[in-house]
Amino acid sequence: MLQAIAETVFDIFYLGFAVIAGLTMVVRGTNPLVRKAGFMAALLGAGDSFHLIPRAYALWTTGLEANAASLGIGKFITSITMTIFYLILYYIWRERNEIKDHAGLTKVMWALSLIRIALCLLPQNQWLAYRQPLLYGVLRNIPFALMGIIIIAVFSQEVRKTNDSVFRFMPLAVALSFGFYLPVVLFSATFPAVGVLMIPKTLAYVWIVLMGWELYKTPQTCTMMP
């Protein structure tokens, strides 16, 4: 019961914040960059809700294993939306720093996104099972991790060059999100307690959304000075 209460309260605040902040930026944003950040935040909250709401229901009712199918479908949807989340973040980097070249890098990001989504669509993932095969959990997260590495690298490079006050901690936030997520993928089936790392992973996403919110609150900083 304590787990159900703690997770439900945490999820309500997290999902509410992501969706409300995102929609606020989309509707009231004064430039395309803020609206991109808003759509990214709203997508994060909406996508995660497909997994977290069934999880809360399961914890309050018949348990996680009895609700494996709904949890698996939610996990599948979240896997797709998180892929799009990082693709949007890549385009935020391009627009924020007025990047006109790096067409090859853009193609790589799109290729990794499509490969990740294609791997998620494979029936071998067994999304409806309570315990999915570790092999496919690793495979579908390889292109996802590569996307994260690219995001960390490009933001780090531009932050050093421009001293961007809004996104100066973006590389750290993204690194933390993957650092807390990957052990869950690899070890949660054997050591369920590792699943607690999803909480700091989620907080890293909140940090990313807060950076987008800072763009909304200070729209004059949305375009970097040459």
Side-chain angles (χ1 to χ4, degrees), residues 1-27 37-89 113 116-117 119-123 125-134 136-137 140-141 144 148 173-174 176-178 180-185 187-189 191-210 212-213:
M1 181 60 71
L2 182 60
Q3 180 184 5
I5 294 172
E7 285 198 25
T8 302
V9 171
F10 179 83
D11 292 345
I12 288 173
F13 280 102
Y14 161 59
L15 296 175
F17 166 72
V19 172
I20 293 172
L23 291 179
T24 299
M25 287 187 278
V26 169
V27 174
F39 180 73
M40 183 182 71
L43 179 69
L44 173 69
D48 278 0
S49 69
F50 282 96
H51 175 66
L52 295 178
I53 292 175
R55 181 177 174 86
Y57 173 82
L59 289 173
W60 283 98
T61 57
T62 53
L64 299 177
E65 189 166 359
N67 293 273
S70 60
L71 290 171
I73 292 171
K75 188 176 178 182
F76 163 72
I77 294 173
T78 299
S79 297
I80 303 298
T81 56
M82 285 309 307
T83 306
I84 301 171
F85 174 91
Y86 278 108
L87 191 59
I88 296 171
L89 186 55
S113 300
R116 155 84 165 174
I117 292 172
L119 289 171
C120 289
L121 290 170
L122 292 176
N125 287 286
Q126 298 182 30
W127 291 111
L128 302 183
Y130 181 60
R131 298 189 185 279
Q132 287 98 27
L134 176 61
Y136 283 88
R140 66 177 178 260
N141 278 294
F144 189 52
V174 174
L176 288 173
S177 72
F178 278 94
F180 290 123
Y181 172 65
L182 294 178
V184 176
V185 173
F187 305 118
S188 62
F191 305 102
V194 175
V196 75
L197 292 177
M198 294 299 281
I199 294 176
K201 182 218 73 165
T202 301
L203 293 176
Y205 287 136
V206 170
W207 195 7
I208 293 172
V209 173
L210 284 171
W213 184 257

Nearest heavy-atom neighbours spanning [X] and [Y]:
X      : Y      : result
Ala46  : Val19  : N-CG2, 3.9 Å
Gln126 : Pro133 : NE2-CG, 3.7 Å
Gly22  : Ala41  : CA-CB, 3.7 Å
Gly212 : Met25  : O-SD, 3.3 Å
Ala204 : Ala173 : CB-O, 3.6 Å
Gly137 : Val185 : O-CG1, 3.7 Å

Using a 3.5 Å distance criterion without hydrogens, assess whether the side chain of [X] forms a donor-acceptor pair with backbone atoms of [Y].
X      : Y      : answer
Trp127 : Cys120 : yes
Thr78  : Gly47  : yes
Asn125 : Leu119 : yes
Arg116 : Arg140 : yes

Next on the checklist: Does the plane of the ring in Tyr86 sit parallel, tilted or perpendicular to the ring in Phe178? Use 30° and 60° as the thresholds.
Outcome noted: tilted
Checklist entry - With side chains defined as the heavy atoms from C-beta onward, is the minimum distance between Leu44 and Met82 less than 4.5 Å? => result yes
Next on the checklist: Could you tell me if the side chain of Ile117 sits less than 4.5 Å from the side chain of Phe144, heavy atoms only?
Outcome noted: no
Quick one: [atom1] on [X] to [atom2] on [Y], what's the gap to the nearest 0.5 Å?
X      : Y      : atom1 : atom2 : result
Ile5   : Leu59  : CD1   : CG    : 11.0 Å
Tyr181 : Thr202 : OH    : OG1   : 11.5 Å
Leu176 : Leu203 : CG    : CG    : 10.5 Å
Thr83  : Leu87  : OG1   : CG    : 9.0 Å
Ile53  : Ser70  : CD1   : OG    : 11.5 Å
Met198 : Phe180 : CE    : CZ    : 12.0 Å

Item to check | CA sep, side-chain torsions, deciding dist, call: His51, Ile73, side chain to side chain contact (heavy atoms under 4.5 Å, CB included) | outcome: CA-CA 8 Å; His51 175 66; Ile73 292 171; over 6 Å; no
Item to check | Steps toward side chain to side chain contact (heavy atoms under 4.5 Å, CB included) verdict (Val174, Trp207) | outcome: CA-CA 9 Å; Val174 174; Trp207 195 7; over 6 Å; no
Item to check | Full working for side chain to side chain contact (heavy atoms under 4.5 Å, CB included) between Leu64 and Tyr130 | outcome: CA-CA 8 Å; Leu64 299 177; Tyr130 181 60; 3.9 Å; yes
Checklist entry - With sequence neighbours excluded, what pairs up with Lys201 under the side-chain hydrogen bond (donor to acceptor under 3.5 Å, both in side chains) test? => result none
Item to check | Working for side chain to side chain contact (heavy atoms under 4.5 Å, CB included), residues Leu128 and Phe76 | outcome: CA-CA 9 Å; Leu128 302 183; Phe76 163 72; over 6 Å; no
Item to check | Qualifying residue, where the test is ring pair (Phe, Tyr, Trp, His ring centres under 6.0 Å) with Tyr205 and the options are Phe17, Tyr14, Phe85 | outcome: Phe85
